[in-house]
Chemist: 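Here it is: the structure, laid out below.
Every chain is numbered from 1, with letters handed out A, B, ... down the list of sequences.
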Amino acid sequence: MPELPEVETTRRGIEPHIQGCTIAQVIVRNPRLRWPVPDNIDRMLSGKTIQTITRRAKYLLLDTGSGHLIVHLGMSGSLRVLESPAPAGKHDHVDIVMTNGVRLRYTDPRRFGALLWSEDALDDHVLLKHLGPEPLAPPDTQNTATFTAERLYQMSRGKKQAVKTFIMDNKVVVGVGNIYASEALFHAGIRPDRACGTISRNRYKRLIDCIRETLSKAIADGGTTLRDFVGGDGRPGYFKQSLAVYGREGELCLRCGAIIKEIKLGNRSSCYCSRCQR
DNA sequence: AAATCTCCCTGTAGGC
DNA sequence: TGCCTACAGGGAGATT
């Protein structure tokens with residue numbers, strides 16, 4: 001399921017195939033995603049050239065020079081490059097056809113994703129303007145608007161919220177979903193239900209290192225494929241075999257051998273080792 | 001104001 | 001060709 005590493009894997013997979021391509025046509029088979037695909041999207045995109053493909057949080061941004069296509073993969077979405085037409089399956093909702101015949105195909109069984117068109121500056125877009133810092137951007141210790149231990153420390157003071165839901169909050173840091181929050185907390189030795197306001201600067205420093213390391217390794221492995229996810233080349237990711245706690249409730253901790261526990265936090269399952277994580 | 005809950009959706013797993 | 005329910009999850013919006 002697409003978290004930051006899966007979105008970045010997708011970005012890297014499609015970029016070499018579609019950067020510089022001119023869009024001939026957008027075929028919308030089913031516009032009913034999280035928000036409706038705008039019915040003018042074919043008119044807005046046709047004839048425009050894809051200049052860059054960037055990522056902000058879990059959003060992919062295709063810049064045409066006069067407006068952006070904003071893509072979110074939801075939890076079961078994928079974007080693949082097809083070098084030639086192929087029959088559309090049940091969940092292949094949108095094809096973006098290039099003038100050279102290459103297609104960018106959006107597939108999303110659960111339709112939690114989105115394809116939106118924005119002519120405004122992206123900094124002002126309602127979905128993007130309140131987002132916190134990127135976890136993998138170069139840290140700037142002088143700037144608390146970047147992902148630093150000082151930021152987490154300051155934002156968490158006086159809060160009783162569980163640290164796991166805290167780091168999954170997009171205003172705190174973006175791109176950390178349920179899988180990688182669980183994994184990073186394990187590697188940092190912090191219980192997911194610990195009140196975020198009781199965690200020291202030093203432990204936040206360690207947590208930040210672990211979040212960066214977990215996300216980076218997952219990107220290097222092509223993301224985590226649990227069921228649906230495929231990268232831009234249609235291949236699954238291989239990080240699943242590196243998961244230490246996520247989805248391992250009842251199994252043994254790889255570090256100490258204790259049984260991995262599962263609790264619900266914010267209606268989301270959270271797995272942890274009660275011996276390694278405090 | 002902060003924290004928690006609900007909802008959108010559908011494929012899959014598990015119980016019977 | 002079994003039917004039914006619970007569950008998974010990102011994140012906006014509602015509620016407590």
Side-chain angles (χ1 to χ4, degrees), chain A residues 1-10 29-37 55-61 70-79 89-94 106-116 118 125-135 152 154-185 192-199 211 215 218 223-230 236-237 239-240 243 245-251 260 262-271:
Chain A
M1 46 204 65
E3 294 188 23
L4 187 149
E6 291 72 34
V7 178
E8 181 61 23
T9 295
T10 297
R29 299 185 192 83
N30 184 356
R32 292 175 302 152
L33 301 183
R34 167 148 204 193
W35 298 285
V37 178
R55 180 187 58 73
R56 174 75 174 104
K58 298 173 186 172
Y59 295 94
L60 285 170
L61 310 168
I70 301 174
V71 182
H72 198 291
L73 300 178
M75 67 163 290
S76 61
S78 62
L79 274 176
K90 182 179 176 185
H91 304 300
D92 295 336
H93 305 311
V94 179
Y106 179 83
T107 306
D108 188 359
R110 274 165 257 188
R111 295 195 274 120
F112 272 31
L115 267 78
L116 298 170
S118 171
H125 196 281
V126 63
L127 290 176
L128 304 177
K129 67 178 173 184
H130 299 299
L131 293 174
E134 288 287 330
L152 296 192
Q154 292 299 341
M155 287 187 79
S156 61
R157 288 314 90 179
K159 291 191 177 179
K160 294 179 176 176
Q161 184 184 18
V163 62
K164 176 160 173 278
T165 56
F166 177 65
I167 62 172
M168 287 175 67
D169 182 343
N170 272 340
K171 292 188 288 302
V172 176
V173 58
V174 301
V176 183
N178 202 32
I179 297 175
Y180 298 109
S182 302
E183 292 298 301
L185 286 166
D193 58 351
R194 171 172 287 277
C196 62
T198 69
I199 294 174
I211 289 173
L215 294 175
T224 299
T225 294
L226 295 178
R227 186 184 307 146
D228 301 303
F229 177 74
V230 291
F239 192 71
K240 182 173 194 270
L243 297 177
V245 289
Y246 180 84
R248 296 194 64 244
E249 64 276 13
E251 298 179 31
I260 300 295
E262 179 181 23
I263 52 172
K264 290 273 184 190
L265 291 173
N267 232 0
R268 227 130 267 179
S269 86
S270 309
C271 300

Chemist: Base, sugar-phosphate, or nothing for A:G266, non-hydrogen atoms under 4.0 angstrom?
Modeler: nothing

Chemist: Would you mind reading off the distance between A:W35 atom CH2 and B:dC7 atom P, rounded to a whole angstrom?
Modeler: 18 Å

Chemist: Using a 4.0 Å heavy-atom cut-off, does A:K171 contact any base of the nucleic acid, only the sugar-phosphate backbone, or nothing at all?
Modeler: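 The residue A:K171 makes no contact with any strand.
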
Chemist: Using a heavy-atom cut-off of under 4.0 Å over every strand shown, decide if A:F166 touches base, sugar-phosphate, or nothing.
Modeler: nothing

Chemist: Using OP1 and OP2 only, check whether a side-chain N or O of A:H91 sits under 4.0 Å from B:dG11.
Modeler: yes

Chemist: Check the distance between C:dC7's P and A:R110's CZ and give it to me in whole angstrom.
Modeler: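 My rounded result for the distance is 15 Å.
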
Chemist: When you compare the side chain of A:L127 with that of A:L116, does any pair of heavy atoms fall below 4.5 Å?
Modeler: yes

Chemist: Would you indicate what A:R34 reaches in the nucleic acid, counting non-hydrogen atoms under 4.0 angstrom: base, sugar-phosphate, or nothing?
Modeler: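 Here A:R34 touches the bases of the nucleic acid.
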
Chemist: Rounded to the nearest angstrom, tell me the gap between atom CD1 in A:I70 and atom P in C:dG10.
Modeler: 20 Å

Chemist: Using heavy atoms to find the nearest nucleotide of DNA chain B for A:N267 and A:K160 separately, return the residue whose nucleotide is more 5′.
Modeler: A:K160

Chemist: Using the ring of each side chain (for Trp, its six-membered ring), is A:H93 parallel, tilted or perpendicular to A:Y106, with breaks at 30° and 60°?
Modeler: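 A:H93 vs A:Y106 ring planes: tilted.
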
Chemist: On DNA chain C, does the nearest nucleotide to A:R268 precede the nearest nucleotide to A:K264 from the 5' side, or the other way round? Give the residue.
Modeler: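 This one resolves to A:K264.
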
Chemist: Quick check on side-chain contact (heavy atoms from CB on, under 4.5 Å): which of A:R34, A:R32, A:H91 does A:R111 satisfy it with?
Modeler: A:R32

Chemist: Can you confirm whether A:E134 sits close enough to A:V174 that some side-chain heavy atom of one is under 4.5 Å from a side-chain heavy atom of the other?
Modeler: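 The answer is yes, as the side chains (C-beta and beyond) meet within the 4.5 Å cut-off.
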
Chemist: Any side-chain heavy atom of A:T10 sitting closer than 4.5 Å to one from A:V71?
Modeler: no

Chemist: Nearest-Å distance, CZ (A:R32) to P (B:dC7)?
Modeler: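 So the two atoms are 20 Å apart, to the nearest Å.
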
Chemist: What integer distance in Å separates A:Y106:OH from B:dC9:C1'?
Modeler: 12 Å

Chemist: Select base, sugar-phosphate, or nothing to describe what A:T165 touches, counting heavy atoms under 4.0 Å on all strands.
Modeler: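 The residue A:T165 makes no contact with any strand.
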
Chemist: Ignoring backbone atoms, test whether A:H72 places a side-chain nitrogen or oxygen under 4.0 Å from the OP1 or OP2 oxygen of C:dG11.
Modeler: yes

Chemist: What integer distance in Å separates A:L265:CG from B:dA2:P?
Modeler: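 The answer, rounded to whole Å, is 20 Å.
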
Chemist: Measure from CD on A:E3 to C1' on C:dG11 and round the result to the nearest Å.
Modeler: 13 Å

Chemist: Choose from B:dG11, B:dA3, C:dA12 the nucleotide whose nearest atom is closest to any side-chain atom of A:L127.
Modeler: C:dA12

Chemist: Please give, in whole Å, the distance from C:dG11 P to A:I179 CD1?
Modeler: 13 Å

Chemist: Between C:dG10, B:dT10, C:dA8, which one does the side chain of A:S269 approach most closely?
Modeler: C:dA8

Chemist: Does the side chain of A:Y59 reach to within under 4.5 Å of the side chain of A:H72, using non-hydrogen atoms?
Modeler: yes

Chemist: Nearest to the A:F112 side chain among C:dA12, C:dA8, B:dC8, which nucleotide is it?
Modeler: B:dC8

Chemist: Pick the nucleotide of DNA chain B nearest each of A:K159 and A:K90; which residue has the one closer to the 5' end?
Modeler: A:K159

Chemist: NA contact type, A:N170, heavy-atom cut-off 4.0 Å: base, sugar-phosphate, or nothing?
Modeler: sugar-phosphate

Chemist: With a 4.0 Å cut-off on heavy atoms, is A:N178 in touch with a base, just the backbone sugar-phosphate, or nothing at all?
Modeler: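 Answer is sugar-phosphate: A:N178 comes under 4.0 Å of backbone atoms only.
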
